[in-house]
Peer 1: 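The structure's right below; bear with me while I get my questions together.
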Amino acid sequence: VDLVTKTFQNDSIRDHSYLYIDNSTGSLFVGARNYLVQLKLEDISDKSALKTEKVVASDENRKLCSFNGKSVEYCQNYIKYIVRVDNSTLYFCGTDANTPSEYQVTINDNKLEISSPQKATACPRDPKDNTTAVYVTSGNPGDVPALYSATILDNGKATISRPQLVKDGKKVSEKLENADPIRWLNEPQFVASFDVGEDVYFFFREIALEYTNFMKKMVSRVARVCKKDLGGSSLLVNKWTTYQKARLNCSLPGSFPFYFDLIQDVQLVNNTFYGLFISSVNGSSGSAICAFTVDSVKDRFADRVYKYRETPNSIWTPLPASKIPDKSEPGKCINDSKSLKDVEENFMMEYPLKDAPVQQQGNKPLVFMDGIQMHVLQVDKERSRQGGSLILYAASNTGEVYKIHSWDNGKKQAISTVFSPLPKSEVIWDM
Ligand SMILES: *[C@@H]1O[C@H](CO)[C@@H](O)[C@H](O)[C@H]1NC(C)=O
Ligand SMILES: *[C@@H]1O[C@H](CO)[C@@H](O)[C@H](O)[C@H]1NC(C)=O
Ligand SMILES: *[C@@H]1O[C@H](CO)[C@@H](O)[C@H](O)[C@H]1NC(C)=O
Ligand SMILES: *[C@@H]1O[C@H](CO)[C@@H](O)[C@H](O)[C@H]1NC(C)=O
Ligand SMILES: *[C@@H]1O[C@H](CO)[C@@H](O)[C@H](O)[C@H]1NC(C)=O
Ligand SMILES: *[C@@H]1O[C@H](CO)[C@@H](O)[C@H](O)[C@H]1NC(C)=O
Ligand SMILES: *[C@@H]1O[C@H](CO)[C@@H](O)[C@H](O)[C@H]1NC(C)=O
Ligand SMILES: *[C@@H]1O[C@H](CO)[C@@H](O)[C@H](O)[C@H]1NC(C)=O
């Protein structure tokens, strides 16, 4: 066995759906149902370092929630994400019995101080909805730090948003979010987000409009927005002017490639996104881990080929270059997006989707596992950065954790350990 394990267990603290490693305080924060827990990273079983705070929905919220026909399970407070704001402050959001709330946590030596709930701008109501958020500290307008989040809103619509930014009492940016058309986002489930250079990237799966001629087909996507975006001045007021998305191609090659269309998780290490995908939620699903270099994602967003259809009944084809407004560079990060011409804003509104997918590195998955549904991915970043082999951990929906080594530029891999940390077969939600 090449794993040393320590355990923290408390039967009243359940549904550990979000884990956050805070290296600067040497802690593991656990977002659970009705609890925020701080554990010592070096030894999570160390009770002397344990801090637990209850974060329950108010009686009023719970009453209203069940009055609205929701189950007792639903009407709890599920923590959906945790981000660090500075050395002594975290933000997290919770579903708060159907009234999503945001909280601020001050980390003291002996206690976690949690603020009273504020109405969340970016948190789902439904505990089952998948949300992602990333706190970006540099590169925003005025260099004001901001939370970028992707979530399903109250009205069932999905959005990627950034709140209003204020510097020295002066507004430097409006709140930005997605425009409404389902071309931008169509029933997505978000899995991860990353701050990379001048962009923020979001990974999700959604129903692909470009294939719905046959049936509802989900595909995996990466979308990006530029941090400097200020929104537009005509059609895209308070909306991103730099939103673009592309399909992710994680597939077994062949004359009929076999696609893994349901992205589950993503990790970023060594300028490469490692994505975990499954092929289907039903029956005999397989899982794959595919690598996408940051450069291949950037190159895709910099190309000038978009997908479009001439009429609602036409098939989707590459957009003729002549339709791109003269002298424009759609999606480019510019200092003043409010100076875009109306035709340029129109273009960004109409054509969010790139024609070609982002292709997997090496034209095949790094790892393919038949008959197993993987759900969470982690990378041993420090050891992988040191070189030699990449060390991945993938957790399944039946409670197994696979330790995988990949070397020789992804050409070779081996599983060294299969580990079952839980007493019974159940989904591992985070790792
Ligand atoms: C579990 O956590 C709760 C809440 O902090 C605490 O009251 C209880 O004593 C803990 N149980 C055990 C067995 O440690
Ligand atoms: C995390 O902290 C450990 C111990 O202080 C340190 O060795 C390591 O380099 C840190 N890792 C990162 C990613 O900062
Ligand atoms: C925050 O922590 C980092 C190391 O994790 C340190 O370099 C920095 O000085 C700290 N900042 C403050 C304000 O304490
Ligand atoms: C959220 O993601 C999990 C894991 O992929 C999935 O089981 C669940 O159905 C998703 N939630 C929704 C509402 O689709
Ligand atoms: C999976 O099974 C569920 C329930 O049997 C069904 O509603 C759904 O349409 C199936 N999905 C696919 C992609 O076959
Ligand atoms: C954009 O803003 C940055 C920082 O304020 C400045 O250095 C740069 O020259 C500006 N670029 C243009 C094209 O105005
Ligand atoms: C996806 O990748 C496979 C393997 O490299 C390739 O055969 C296939 O054509 C690609 N699909 C698309 C839509 O680009
Ligand atoms: C990650 O990048 C570092 C620096 O470029 C390199 O030394 C290392 O071998 C890479 N790791 C892997 C697993 O490729």
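Side-chain atoms are counted along with the backbone in the values below, which use heavy atoms only and exclude waters and symmetry mates. Only a predicted model underlies this, so the values are computations on that prediction, with no experimental measurement involved. Whatever order the structure lists ligands and atoms in, that order sets their numbers, starting from 1.
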Peer 1: Any side-chain donor-acceptor pair under 3.5 Å between Asp129 and Gln189?
Peer 2: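 Result is yes, a qualifying pair exists.
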Peer 1: Give the numbers and elements of all ligand 7 atoms closer than 4.0 Å to a heavy atom of Gln360.
Peer 2: 2 (O), 4 (C), 5 (O)
Peer 1: Any side-chain to backbone donor/acceptor pair from Arg125 onto Asn98? Under 3.5 Å, distance only.
Peer 2: yes
Peer 1: Would you mind checking which non-hydrogen protein atom is closest to atom 13 (C) of ligand 7, with the distance to 0.1 Å?
Peer 2: Tyr259 OH, 3.6 Å
Peer 1: Go through ligand 7 atom by atom and flag the ones less than 4.0 Å from a non-hydrogen atom of Pro357.
Peer 2: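 What qualifies from ligand 7 is 12 (C), 13 (C), 14 (O).
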Peer 1: Is the backbone N or O of Ser27 less than 3.5 Å from a side-chain atom of Asp22, with the two atoms forming a donor-acceptor pair by type?
Peer 2: no
Peer 1: With no hydrogens and no angle check, is any side-chain donor or acceptor of Ser251 less than 3.5 Å from a backbone partner on Asn249?
Peer 2: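 Absent.
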Peer 1: Out of all atoms in ligand 4, which are within 4.0 Å of some heavy atom of His375? Include the element for each.
Peer 2: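 Result: 3 (C), 4 (C), 5 (O).
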Peer 1: Measure from the side-chain N and O atoms of Asp195 to the backbone N and O of Val200, and report whether any donor-acceptor pair falls under 3.5 Å.
Peer 2: no
Peer 1: Which of the numbered atoms in ligand 7 are under 4.0 angstrom from any heavy atom belonging to Asn363?
Peer 2: 4 (C), 5 (O)
Peer 1: For atom 14 (O) of ligand 4, what's the nearest protein heavy-atom neighbour? Residue, atom name and distance, please.
Peer 2: Gln189 CD, 3.3 Å
Peer 1: In ligand 1, which numbered atoms sit nearer than 4.0 Å to a non-hydrogen atom of Ser12?
Peer 2: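 The atoms of ligand 1 under 4.0 Å from a heavy atom of Ser12 are 1 (C), 2 (O), 3 (C).
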Peer 1: At a 4.0 Å threshold, what atoms of ligand 4 neighbour a non-hydrogen atom of Asp129?
Peer 2: 13 (C)
Peer 1: Using a distance-only test with no angle check, is there a side-chain donor-acceptor pair under 3.5 angstrom linking Thr398 and Glu400?
Peer 2: yes
Peer 1: Establish whether atom 7 (O) of ligand 1 and some protein heavy atom are separated by less than 4.0 angstrom.
Peer 2: no
Peer 1: Within ligand 4, which atoms have a heavy atom of Gln264 less than 4.0 Å away?
Peer 2: 4 (C), 5 (O)
Peer 1: Please identify which atoms of ligand 7 are closer than 4.0 Å to at least one heavy atom of Gln359.
Peer 2: 1 (C), 2 (O), 10 (C), 14 (O)
Peer 1: Quick one: do Tyr243 and Ile160 satisfy side chain to side chain contact (heavy atoms under 4.5 Å, CB included)? Show the steps, please.
Peer 2: CA-CA 9 Å; Tyr243 177 78; Ile160 290 175; 3.9 Å; yes
Peer 1: I'd like to check which ligand 7 atoms, numbered from 1 as shown, lie under 4.0 Å from a non-hydrogen atom of Ser251.
Peer 2: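 Those of ligand 7 that fall under 4.0 Å from Ser251 are 1 (C), 2 (O), 3 (C), 4 (C).
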Peer 1: For Arg300 and Pro357, indicate whether the former's side chain and the latter's backbone hold a donor-acceptor pair under 3.5 Å.
Peer 2: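 It does hold such a pair.
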Peer 1: Only heavy atoms of Thr52, strictly under 4.0 Å: list the atoms of ligand 1 that pass.
Peer 2: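 Ligand 1 atoms under the 4.0 Å threshold to Thr52: 5 (O).
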Peer 1: Establish whether atom 11 (N) of ligand 1 and some protein heavy atom are separated by less than 4.0 angstrom.
Peer 2: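 Yes.
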Peer 1: In this structure, which one of Asn61, Ile79, Val56 forms a side chain to side chain contact (heavy atoms under 4.5 Å, CB included) with Asp96?
Peer 2: Asn61
Peer 1: Hey, does Arg247 come in under 3.5 Å of ligand 7, counting only N/O atoms on both sides?
Peer 2: no
Peer 1: If only side-chain N and O atoms count, and only distance matters, is there a donor-acceptor pair under 3.5 Å linking Tyr306 with Gln244?
Peer 2: yes
Peer 1: Would Arg205 count as being in polar contact with ligand 4, using the rule that some N or O on each side must be under 3.5 angstrom apart?
Peer 2: yes
Peer 1: Could you walk me through whether Arg221 and Glu210 pass the salt bridge (Lys or Arg N to Asp or Glu O under 4.0 Å) check?
Peer 2: CA-CA 13 Å; Arg221 305 267 201 221; Glu210 68 269 30; 3.0 Å; yes
Peer 1: At what distance is the nearest protein heavy atom to atom 3 (C) of ligand 4, and which residue and atom is it?
Peer 2: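 The answer is Asn130 ND2, 3.7 Å.
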Peer 1: For Pro257, take its heavy atoms, then give the atoms of ligand 7 lying under 4.0 Å from any of them.
Peer 2: 7 (O), 8 (C)
Peer 1: Can you name the atoms of ligand 1, numbered from 1 with element, that are less than 4.0 Å from a heavy atom of Asn10?
Peer 2: 1 (C), 2 (O), 3 (C), 8 (C), 10 (C), 11 (N), 12 (C), 14 (O)
Peer 1: So if I count the atoms of ligand 7 from 1 in the order they appear, which ones are less than 4.0 Å from some heavy atom of Asn249?
Peer 2: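 Those of ligand 7 that fall under 4.0 Å from Asn249 are 1 (C), 2 (O), 3 (C), 8 (C), 10 (C), 11 (N), 12 (C), 14 (O).
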Peer 1: Within the side chain of Ser384, is there an N or O that forms a donor-acceptor pair under 3.5 Å with the backbone of Ile391?
Peer 2: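 Checked: pair present.
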